[in-house]
Amino acid sequence: SLISYLEYGLSERLTLVASLPFKALRAERTVRIGGGLLKQREIANTTGLADLTLSLRRALFVSPLALSLQGGLKLPLGYEKQPANDGPPLGTGEPDGELRFLLGKSLYPLPAYLGGSVGYRRHGGRLHDEVLYTFEVGYSRGRVLLKLALDGLKTLNGEVRAWGRAGAEGVVGGIGVVHPEEVGELLVAHLL
């Protein structure tokens, strides 16, 4: 994925946040024919713009910790919910709403910071709603910023449905489960 990301200050305490991913997804599977006597490998690719996310962030206070409230919408951009080539979809095809509290602390005089958030995502469509959480630590040296970020989610219903596993959790770095609407984006991490 390549993600276009924009933050634009509308006032001293209000910020517009927008992101738009361009995804190149690939699905590989083995199809069994004739009761499993023959196996055929299939590859399907899907590329295009995924879901546009638009949010407003309001700073509640800035000292001694920065605390903000951010609410927004994820809007599908007209891609196929079920691509004709049976490839992976670029998103769910349904709008979602999200509300987050964001917290940050500068570690000045060290050129470092800590940050995190907790939020709620309301899905349109058949996916279960989710509780979201993040943790981030950053350190800058000259023009270089080193950042470690963990993003996590927990679905609110434990039953398994056709859209994937509810309650799926994973770890950034390649071990984990990716929800259908997050394919091609960062893997999720469980922070508890």
Side-chain angles (χ1 to χ4, degrees), residues 1-7 16-56 70-100 117-134 149-191:
S1 285
L2 294 174
I3 300 175
S4 299
Y5 181 84
L6 170 73
E7 287 192 20
L16 172 68
V17 181
S19 68
L20 179 60
F22 178 84
K23 295 182 178 182
L25 306 176
R26 178 183 174 113
E28 295 183 30
R29 56 188 158 258
T30 301
V31 179
R32 295 181 182 194
I33 303 167
L37 297 174
L38 297 173
K39 295 179 185 178
Q40 179 179 346
R41 187 134 182 100
E42 289 184 355
I43 298 173
N45 297 302
T46 310
T47 59
L49 295 174
D51 299 322
L52 172 66
T53 302
L54 295 172
S55 303
L56 284 176
Q70 180 173 309
L73 295 172
K74 177 187 68 87
L75 305 167
L77 291 183
Y79 51 78
E80 296 178 70
K81 285 174 78 170
Q82 296 179 341
N85 68 353
D86 203 24
L90 296 169
T92 64
E94 301 287 343
D96 295 341
E98 188 173 296
L99 188 64
R100 289 183 186 239
S117 72
V118 64
Y120 180 80
R121 180 180 293 147
R122 172 80 173 126
H123 282 289
R126 301 188 307 177
L127 293 176
H128 298 295
D129 295 347
E130 299 161 331
V131 173
L132 312 163
Y133 41 93
T134 65
L150 299 173
D151 296 312
L153 61 85
K154 176 77 173 161
T155 55
L156 296 179
N157 185 329
E159 72 182 65
V160 176
R161 296 184 120 188
W163 278 93
R165 294 183 190 189
E169 299 159 357
V171 177
V172 172
I175 302 169
V177 177
V178 179
H179 286 265
E181 75 277 13
E182 303 293 338
V183 172
E185 297 179 13
L186 293 176
L187 294 176
V188 295
H190 181 54
L191 299 175

> When you look at Leu25 and Leu90, which way does the side-chain contact (heavy atoms from CB on, under 4.5 Å) test go after all the steps?
Replying inline: CA-CA 8 Å; Leu25 306 176; Leu90 296 169; 4.1 Å; yes
> Just by modelled atom types, is the Pro89 backbone N or O under 3.5 Å from a matching donor or acceptor in the Thr46 side chain?
Replying inline: no
>> Go through it in stages, so that I can follow the logic: the residues are Arg100 and Thr134, the test is side-chain contact (heavy atoms from CB on, under 4.5 Å), and I'd like the CA-CA distance, side-chain angles, deciding distance and then a yes or no.
In response: CA-CA 10 Å; Arg100 289 183 186 239; Thr134 65; 3.6 Å; yes
> Can you name the closest pair of heavy atoms from Gly71 and Leu99 and give their distance?
Replying inline: CA-CD1, 4.0 Å
>> Using side-chain heavy atoms (C-beta onward) and a distance below 4.5 Å, is Leu150 in contact with Tyr133?
In response: no
> Passes side-chain contact (heavy atoms from CB on, under 4.5 Å), Leu56 versus Val17? Steps please.
Replying inline: CA-CA 6 Å; Leu56 284 176; Val17 181; over 6 Å; no
> Checking side-chain hydrogen bond (donor to acceptor under 3.5 Å, both in side chains) against Glu98, which of Gln70, Arg121, Lys74 comes through?
Replying inline: Arg121
>> Return the CZ to CG distance between Arg122 and Asp129, rounded to the nearest 0.5 Å.
In response: 4.5 Å
> Do Leu132 and Leu153 come close enough that some side-chain heavy atom pair is under 4.5 Å?
Replying inline: yes
> Shortest non-hydrogen contact from Ala44 to Gly87?
Replying inline: CB-CA, 3.5 Å
> What heavy-atom pair brings Lys23 and Ser1 nearest, and what distance separates the two atoms?
Replying inline: CG-OG, 3.5 Å
> Can you tell which of Ile3, Asp51, Leu52 makes a side chain to side chain contact (heavy atoms under 4.5 Å, CB included) with Ser19?
Replying inline: Ile3
> What do you reckon, is CZ of Arg32 surrounded by more than 12 foreign heavy atoms closer than 6.0 Å?
Replying inline: no
>> Restricting to non-hydrogen atoms, name the atom on Pro83 and the atom on Pro88 that form the minimum distance, rounded to 0.1 Å.
In response: CG-O, 3.8 Å
> Within a strict 4.5 Å, meaning less than it, do heavy atoms of the Leu49 and Tyr79 side chains meet?
Replying inline: no
>> Using the rule given for side-chain contact (heavy atoms from CB on, under 4.5 Å), can you reason through Glu130 versus Asp96, listing the C-alpha separation, both sets of side-chain angles and the distance that settles it, and then say yes or no?
In response: CA-CA 11 Å; Glu130 299 161 331; Asp96 295 341; over 6 Å; no
> Is there side-chain contact between Leu77 and Leu20, with at least one heavy-atom pair below 4.5 Å?
Replying inline: yes
> Closest heavy-atom contact between Ser55 and Gly72?
Replying inline: OG-CA, 3.6 Å
>> Does Gln82, at its CD atom, have more than 12 non-hydrogen atoms belonging to other residues, nucleotides or ligands within less than 6.0 Å?
In response: no
